[in-house]
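Comments concern the structure below.
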Amino acid sequence: MTQSASKSDLQASSAISYNFETVEPHWQQVWNSGDVFSVPDTPPADKPKYYVLEMFPYPSGQLHMGHVRNYALGDVVARYKRARGYAVLHPMGWDAFGLPAENAARERGVHPQEWTLKNIATMRTTLQRLGFSLNWDREIATCLPEYYGKQQKLFLDFMKAGLVDRRESWVNWDPIDQTVLANEQVVDGKGWRSGAPVEKKQLSQWFLKITDFADDLLSELQTLDRWPERVRTMQERWIGRSEGARVTFALHAPPAGLDTNLNAVEVFTTRPDTLFGMSFLAIAPDHPLATWVAQSNTDAAAFIAECHSLGTSAEAVETAEKRGIDTGLRVKHPFLDKDFPVWIANFVLTDYGTGALFGCPSGDQRDLDFAHKYNLPVVPVVLPAGKDQADFSIAAHAFTGDGTMINSGFLDGLSTQDARREAIARLEGMGVGKGVVNWRLRDWGISRQRYWGCPIPVIHCESCGAVPVPDAQLPVRLPEDVSFDKPGNPLDHHPTWKHVDCPHCGSPATRETDTFDTFVDSSWYFARFTAPHAEAPTVRSAADGWLAVDQYIGGIEHAILHLLYARFFTRAMKETGHLNLSEPFAGLFTQGMVSHASYKDASGHWLYPEEVEITGQGAVKRETGEPVTVGRVEKMSKSKRNTVAPSAIIERFGADTARWFVLSDSPPERDMEWTEAGVAGAARFAQRLFRIVSTVAQTVPVQADIPAEIAAQADDLRRVTHRTVAAVTEALEGFVINVAVARIHELTSALADAEKAADMPGMVYARREAARVLCFLSAPMMPHLAEEMFAQLEPGSPVVATQPWPEADPELLTAKQVTIAVQIMGKLRGTIEAAPDENKDDVIARAEAEPNVARLLEGKRIVKRVHVPNRIVNFVTAG
RNA sequence: GUGAGCUUGGCGGAAUGGUAGACGCAGGAGACUUAAAAUCUCCAGUCCGUAAGGGCGUGCGGGUUCAAGUCCCGCAGUUCGCACCA
C-alpha cells in the first residue's frame, strides 16, 4: 500500500471501505467509454431538452474552490435532470484571452499561448478528476482561431447591420506601459503596474451599439422571472432610463471665431418644470465649448487639466468639492428675458446626457452647494404641500419633491407634474427643446490595445478608410512570433503582421492592431457550445433547439456587465440571423463564495491553512510550533493565503467528498466556509454510507416482490425511504441542496438502525429498497460512490447515470402514526399520538385527557378548541 | 446618499402561520480496545428544580391571530451593489 498517513487513517481500519483512488477513476472511465454525457447538436425529438451551463473559467493555472462549488452545483442539476428524462447539454470551455497571459509573458518570458494552453491542460485534468458530467467533446477555448475566427465573422455581420461604430473616446492611458487601462487598473490615479500618473487621452475606438437595444434590454428584464430579483434591479439601474427634456440655450453674445455649432449649449434635464429657478448653466470639463474656452483662457485650461488629473475612484469623487470656473459666456433663458453665466464645473459628467446642465439650486442639492460656494442666486420654484409661500425659503437643503409651482411665470400654481408637461410643450412650440428619454447605458467600447485577444478584423486604408476583412480571409490570426520586450502593443511593433494590401483598392494598408475586449468572447460562447465545431458561428437547428440556457450558474460579480453584454449579443445575433431568440438565459442562479479562516504568524505574515495546525489551545505553525493568530473568515484569496487547492483535497479525500462538502452545509446562494473539520466530516459520511449500503448488498438476499407480511419496523423504513425520495426531489427542484443533503443523512441513519431489526418480516425488501434509493438520491452529488454502491447492490445493471430518478409511492408518504402537539393558550403542554386524519372529536377528547394538559385545565373554562388535522390542538381558556 | 439582502444554539444552518433549533460541525459522557484511531450508543438553547414540571427564548419595540422565526408597522445592526446620472 502506498497510502499517505491521513488516508490510511480514514480507510485502512474498516473492513469495508470506499477506496476513492481506484473507484473514482474507474467510473469516470466507464462513463466516458459509454459516452453517457454526450448529446447531438440537434436535440433528440423523443425527450425534452435541458441546457445547464456554468460560467466558464478563466484558465489562471489552477482550479479554485469557487470553481468546484460552481461546477458541483451545475452537475447536480445536470445529473438530476438527466435522471428526470431530459436530454441534457452540459458543456465546458475556457475564457482564454486576457491580460494575465501577457503579464506572464513580460514577467517570465513565456509565450501567452503556451502559458494559456498549459493552464488549460492542468485545470482540465482537475475538472475531469472531479467527475462532472460534461460534454467534453464540445470543449472550446476562446483563444483558438476556431473560436475567435467565428467571432470576427459575427463582428463583420454586426458592421453590415449597422451595429458597429467607430468614434473618438476618452481612455485611461499609462504613459510608461503605453497602454490603455481599465478603470480598475487605475489605483489612486496611477497605473497599477507602472505607478505612473494616468493620463486621459482620446483614441479612435470601436463601439458596439448596445444603446440601440436599451429599451428592449430594460423592458424584457420583466420576463426573466427565473433570475434573482437583485440582478434584475442592478441591470435596470445600469441601463438607467430617465424621462426629461433636452433644452437648447443660445449664447447671449457668441464671441468672434466661435464655431457656429457651439453657439448654443444643449442640456438634458429631468426637471424642465424648474427652469424658472435657473441661476447658471454648467458644462463638463471635456465639453467642446470648455475645450474652446480653454484655448484662450489659461485659468480655464488649468482647471480642466486639474479635473483630468483627479482620479475617478469612489473616494475621490465623494470627497471632491463642487468647484467650477466662470467662462464669462452667458446664455439666454428660453422663457425669461434674462441671461445666465456659463460655468465649467467638475461635477458635470461628460458622458451622461449632453455633458451640460442648467443649475437650479433650490431644486437640486449639488446645484445648491455650487451656488453657495460661488454666491449664485437661489430662487425657490416648488412650494411643498402645507407650506406658505410667504415664509418659505431654501437654506441648507434643496427641495427635490413635488409641490406647487411659484416664481415661475406661466407655470405658477401648477403641480410639478403638470408644470413638467407644460414646460416641454412650450419648449417644443418655441423650437428650443423637446421631451426625450435619456439612458445611462452607453455604447460598448470594445477596442483594447493588447496582444492576447481576438484581432479586430478591419484594415485601414488611406483612400478607402476602415475596410472590413473579407470573409474569405478569416480568421485574422494572431501572429505567434511576437516580442514583449518593449512596452505597448506587440501587434503594433510586429515587423510585418499589420502590413497588408487594402482588400478594396489593393494599395498598401495596415491592419487594425487593437483586439476585442474579452467580454466579447464570453458574450456568445453559450451559443457556440450548441455547435462547437461548425464552420459558421452558429448552426440554427442546433442553436434553436438547445437555447435558451435553462439554468445558468455563476458568481454575482457578473450580474451586470457579462450578463448584459450576453443579452445584447443575443439580440444582435438575432438581428443578423445567427440566432432566433432575445434572452439567452432563462434561469439564472448566483452562487455564494467559498471562504476560509485566515492565519498570521507572529511577524504578521499570512500563512496557508496547511502550514497551520489547530490544537486544543489554539493555532500554531506546524513546523515551528510558534503561535498563530486566527483572523477573519474571508473569501479565499491568494493575497490572504487562505486558499485550499482542490487538487490537494481530491488527492487526500477524493472527488465525491469534496463535492459533498461544498454542497452540504450552506444554501447555494450564500457564502460557505471551508473548514478542515467539515471536509473530514464529509469524508466520514461517504465511508459510512458506503459501509451501510455495502452491508446490505453483501448480507441481505434479493427479494423481487413486496412481501405480504411486513413488520412495523420494515413499514417505517419504507415510509422513511419514500418520504426521503419526495423530500430530496423537492429540495433539488428548489435548488436547496443543503436540505437534500440533510434528508439523505436521515435516510442513511434510518437504514443503519434497521440492521437491528434485520430479522423482522419485510425487512429484507425494505432494506434493499432503502439502499437502492440512497444510490440514486446521492448520485447527483457523489456520483462515483453511487455507482460503486449500486454495482454491488445490483451487479450487471446499467450505470446509475443512465437510470431514471426514483418515484415516491404516494401511499407511503404519510407516517402510520402522527404526533399531535397539545397547546393551552398557544403554549405547548403535551403531545398525543393519533392515527393520520383521525376523527376530530376523538383527537380533542384525548388531548384534553392528556395528564399534564388535564392538570393545567383544571378549574379553567375552555372557550374554544382549535384543531389542525395531524398537527395541533389548542385550548383557549377564560377565567 | 441610494437600492437590495441579511440578523435563529458555541458554529453552518432547518422550519406550507401550527411541537423552534431538522441535518451537519465542534463539544461532553459511555461502549469496544492493552492503548489510540475508526466505529457504535447517549446528552446537549437558557434559567429554576432531585424530579415531575415550569419561566424565558429566532436583533430591538409595537401590532394582527386561538397560534408569529414566518404576516404588518417602526427601529437598530450588518453585508453587498451602484454612486455628483442633472
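Per chain, numbering begins at 1; letters A, B, ... match sequence-line order.
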With a 4.0 Å cut-off, would you call [X] and [Y] a salt bridge?
X       : Y       : answer
R846(A) : E833(A) : no
R865(A) : E848(A) : yes
E850(A) : R829(A) : no

Tell whether R743(A) reaches the base of rA22(B) with its side chain through a donor-acceptor pair below 3.5 angstrom.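 A donor-acceptor contact between them is present.
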
Suppose we call a contact any N or O donor and acceptor under 3.5 Å apart; does that hold for the side chain of R670(A) and the base of rU79(B)?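 It does not, because no donor-acceptor pair links the side chain of R670(A) to the base of rU79(B) below 3.5 Å.
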
From [atom1] of [X] over to [atom2] of [N], roughly how many Å is that when rounded to an integer?
X       : N       : atom1 : atom2 : answer
D369(A) : rA86(B) : CG    : P     : 16 Å
R871(A) : rU16(B) : CZ    : P     : 9 Å
I737(A) : rA14(B) : CD1   : P     : 13 Å

Between [options], which nucleotide gets closest to the side-chain atoms of [X]?
X       : options                   : value
D665(A) : rG24(B), rA86(B), rC80(B) : rG24(B)
V868(A) : rA86(B), rG18(B), rC82(B) : rG18(B)
F347(A) : rC84(B), rG54(B), rU16(B) : rC84(B)
E746(A) : rG55(B), rA86(B), rC23(B) : rC23(B)
P667(A) : rA4(B), rA86(B), rA14(B)  : rA14(B)
W238(A) : rA83(B), rA86(B), rC23(B) : rA83(B)
A677(A) : rA86(B), rG24(B), rC25(B) : rC25(B)
T233(A) : rU41(B), rA22(B), rG3(B)  : rG3(B)
Y352(A) : rG55(B), rG18(B), rA86(B) : rA86(B)
N738(A) : rA14(B), rA67(B), rC40(B) : rA14(B)

Between the main-chain N or O of C307(A) and the side-chain N or O of N346(A), is there a donor-acceptor pair closer than 3.5 Å?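 Answer holds: no.
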
Are any of N874(A)'s side-chain N or O atoms less than 4.0 Å away from OP1 or OP2 of rU65(B)?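 It does not, given that no N or O in the side chain of N874(A) lies less than 4.0 Å from OP1 or OP2 of rU65(B).
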
Looking at K827(A), does any N or O in its side chain come under 4.0 Å of the phosphate oxygens OP1/OP2 on rC56(B)?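 For rC56(B), OP1 or OP2 has a side-chain N or O of K827(A) closer than 4.0 Å.
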
So what is the 5' to 3' dot-bracket string for RNA chain B, if pairs are Watson-Crick or G-U wobble with both distances under 3.5 Å, crossing pairs use [ ] and | means the partner sits on another strand? (((((((..(((.....[....))).(((((.......))))).((((....))))..(((((..]....))))))))))))....

After noting the C-alpha distance and the side-chain angles of E243(A) and R241(A), does the key distance pass the salt bridge (charged side-chain N to carboxylate O under 4.0 Å, His left out) rule? CA-CA 7 Å; E243(A) 286 182 16; R241(A) 180 182 198 274; 2.8 Å; yes

Report which part of the nucleic acid [X] touches: base, sugar-phosphate, or nothing (heavy-atom distance under 4.0 Å, all strands).
X       : value
R442(A) : base
T819(A) : base
R230(A) : sugar-phosphate

What is the glycosidic conformation of rG9(B): syn, defined as within 90° of 0, or anti?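 Syn for rG9(B); the angle stays within 90° of 0.
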
